Amino acid sequence: MKFNVSSEKLFQQLQAVSRVVANKSALKILESILFDLSGDTLTLTASDGETTIRTTIDVENAEGEGKVAFGAKLLIDTMKEFPAQPLTFTIDDYTFGMIINSVNGTYSFVGVNGNEYPEMPQAEEGCHHISMQSKVLLNAINKTIFCTADDELRPVMNGINFDLTEDHITLVATDAHRLVRYNNYAIKSLEPVNFILPKKPANLLRAVLTKDEEEVEITFGHKNARFEFNHTLIICRQIEGRYPNYNGVIPQNNTNSVIIDRLTLLAACKRVAVFANNATALLKLELTENTLTISAQDIDFSTSAEETVKCSYTGTPITIGFKGTILCELLGNVDSTDVELRLMDSTRAGLILPTENEENEDLLMLLMPMLLND
């Protein structure tokens with residue numbers, strides 16, 4: 001086999017598929033990337049056994065066809081050092097050796113028979129199908145993935161729950177301390193269905209999706225979910241199990257409402273959090289009429305901080321504690337200029353809502369309070 005290709009274009013595709021490759025795998029060939037040449041199209045495939053990504057690239061002056069797998073690390077380390085230039089790949093069909101000829105040099109690789117590479121999972125019968133724009137899916141994943149858990153005992157919480165109804169799609173992630181719920185009313189299903197997307201393929205989608213209006217075709221059955229877009233196909237195994245009843249934990253009667261500039265609140269929380277106890281990261285929020293006081297202290301080191309910011313507050317005076325690192329992370333993942341905090345008392349979950357949402361979108365964040373010693 002032989003073909004010519006741009007180093008820049010090939011490296012971009014190799015970098016995308018290599019994100020799924022495990023450093024060490026029980027199946028040695030999964031540490032490689034599969035090259036499949038057919039006509040003037042080169043297909044690149046990588047897998048870790050549970051998530052598989054395949055993408056195609058156009059090549060020139062192609063001769064022959066076949067499948068060969070090459071070590072991902074050596075390929076990436078080599079290709080990233082090339083400046084933009086045409087490269088010529090020559091692959092021996094019998095020894096599976098590959099020679100790359102560049103403007104200034106020659107580089108040799110040894111591969112393995114590509115026919116030994118595991119086949120991609122086939123589409124299941126009775127699958128469900130939805131379509132959404134790349135920028136919408138990317139935004140939805142970005143708004144939820146940071147709340148996923150790393151819990152061996154409750155694996156369903158280690159991914160993003162896609163919940164489809166006749167009215168909208170909901171993406172939910174939670175680690176039991178915080179929760180984020182993203183609704184999009186432009187995407188609907190003929191019947192209520194759901195699947196749980198694991199964290200690794202979700203991060204892979206974040207890396208390869210673009211912020212444009214190209215359509216992403218999503219197909220899912222009982223075991224696998226498929227995402228197809230822009231000459232790229234990602235297939236992953238779903239997390240099995242029933243996702244917790246997230247609507248049941250979202251308070252409906254938080255009557256105390258704070259409206260405040262998001263960046264002002266975020267900056268104040270970050271400054272005060274420096275003085276919080278390293279173990280608890282506790283921030284205390286005291287709300288009175290149009291005033292929010294944020295404070296923290298570390299008794300062990302005799303340090304403390306307090307900052308007061310103006311806000312629009314409707315409700316009774318309240319004092320509540322939150323973990324500063326989580327509060328800052330939630331505020332950092334909201335896009336609107338102002339946010340609304342809805343609270344009940346110091347023992348019940350607080351809600352963070354953007355005052356403005358994108359068209360057809362609705363974002364809600366929940367944060368459990370921490371016990372205040374005083």
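The structure displayed is predicted, hence computed values, not measured ones.
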Notebook entry, point to check: Would a 4.5 Å heavy-atom cut-off, applied to side chains only, mark C311 and L287 as touching?
Noted result: yes
Check: If you link I, L, V, M, F, W and Y whenever their side-chain heavy atoms are under 4.5 Å apart, who else ends up in the same group as I259?
Finding: none
Item checked: Salt-bridge present (K310, D261; N to O < 4.0 Å) -> no
Next item on the list: Taking atom types as modelled, find out whether N104 and S102 have a side-chain donor-acceptor pair closer than 3.5 angstrom.
Entry: no
Next item on the list: Verify the distance criterion only: is there a donor paired with an acceptor across the side chains of Y182 and N184 at less than 3.5 Å?
Entry: yes
Notebook entry, point to check: Have S131 and E217 got a donor and an acceptor in their side chains that come within less than 3.5 Å?
Noted result: yes
Margin query: Please find the pair of heavy atoms, one from G49 and one from L30, that lie closest to each other, and give the distance.
Written below: N-CD1, 3.8 Å
Notebook entry, point to check: Looking at side-chain heavy atoms only, is the closest gap between L341 and L265 below 4.5 Å?
Noted result: yes
Next item on the list: Check the side chains of Q13 and T55 for a donor-acceptor pair under 3.5 angstrom, ignoring hydrogens and angles.
Entry: yes
Margin query: Just to verify, what does Q133 make a side chain to side chain donor-acceptor pair (under 3.5 Å) with, not counting sequence neighbours?
Written below: none
Next item on the list: Verify side chain to side chain contact (heavy atoms under 4.5 Å, CB included) between I130 and L164, making sure each step is shown before the conclusion.
Entry: CA-CA 9 Å; I130 58 171; L164 291 116; 3.4 Å; yes
Notebook entry, point to check: Going by the angle between their ring planes, with limits at 30° and 60°, are F162 and F195 parallel, tilted or perpendicular?
Noted result: parallel
Next item on the list: For the pair K143 and D335, find out whether any cationic side-chain nitrogen is under 4.0 Å from an anionic carboxylate oxygen.
Entry: yes
Checklist line | Spacing of R19 atom CZ and L14 atom CG [to the nearest 0.5 Å] | finding: 11.5 Å
Next item on the list: Please check if atom CD in E307 has more than 12 non-hydrogen atoms from other residues, nucleotides or ligands closer than 6.0 Å.
Entry: yes
Notebook entry, point to check: Does one side chain, of N139 or E361, offer a donor that lies under 3.5 Å from an acceptor on the other?
Noted result: yes
Notebook entry, point to check: Got a donor-acceptor contact below 3.5 angstrom from the K200 side chain to the V20 backbone?
Noted result: yes
Item checked: K199 side chain to N203 side chain, donor-acceptor N/O pair below 3.5 angstrom -> no
Margin query: The criterion is salt bridge (charged side-chain N to carboxylate O under 4.0 Å, His left out); which residues satisfy it with K188, sequence neighbours excluded?
Written below: none
Item checked: Interatomic distance, N224 atom CG to I234 atom CD1 [nearest 0.5 angstrom] -> 13.5 Å
Check: Do you see a donor-acceptor pair shorter than 3.5 Å between the side chains of N4 and T88?
Finding: yes
Notebook entry, point to check: If Ile, Leu, Val, Met, Phe, Trp and Tyr residues are connected whenever their side-chain heavy atoms lie under 4.5 Å apart, and connections chain through other members, are L34 and M98 in the same group?
Noted result: no
Check: What residues join L366 in its hydrophobic cluster, counting side-chain heavy atom gaps under 4.5 Å, either direct or through other members?
Finding: V156, M157, V172, L179, I196, I239, Y243, Y246, V249, I250, L351, L353, L364, M368
Next item on the list: Check whether any side-chain N or O of N256 sits under 3.5 Å from a backbone N or O of M344 as a donor-acceptor pair, and report yes or no.
Entry: yes
Item checked: Contacts of type salt bridge (charged side-chain N to carboxylate O under 4.0 Å, His left out), residue R342, not counting sequence neighbours -> E340
Note to self: I need the N183 CG to L363 CG distance, nearest 0.5 Å.
What the structure shows: 9.0 Å
Notebook entry, point to check: Do NZ/NE/NH1/NH2 and the carboxylate oxygens of R54 and D36 come within less than 4.0 Å?
Noted result: no
Item checked: Any donor-acceptor pair under 3.5 Å from Q122 side chain to M120 backbone -> yes
Next item on the list: Run through the side-chain heavy atoms of Ile, Leu, Val, Met, Phe, Trp and Tyr, join any pair under 4.5 Å, and report what else lands in V274's cluster.
Entry: F275
Margin query: Side chains of D212 and T210: any donor to acceptor distance under 3.5 Å?
Written below: yes
Check: Using 4.0 Å as the upper bound for N to carboxylate O, is an ion pair formed by E213 and K135?
Finding: yes
Check: Between F82 and F11, does the ring centre distance come in under 6.0 Å?
Finding: no
Next item on the list: Would you please say whether a donor-acceptor pair under 3.5 Å links the side chains of T148 and N158?
Entry: no
Note to self: Determine whether a donor-acceptor pair (N or O, by modelled atom type, separation under 3.5 Å) exists between the side chain of E286 and the backbone of I294.
What the structure shows: no
Next item on the list: Evaluate the criterion side chain to side chain contact (heavy atoms under 4.5 Å, CB included) for residue pair F3 and T41; output intermediate values, then yes/no.
Entry: CA-CA 10 Å; F3 59 89; T41 301; over 6 Å; no
Margin query: Which residue in the set V208, L233, I218 passes side-chain contact (heavy atoms from CB on, under 4.5 Å) when paired with F227?
Written below: I218
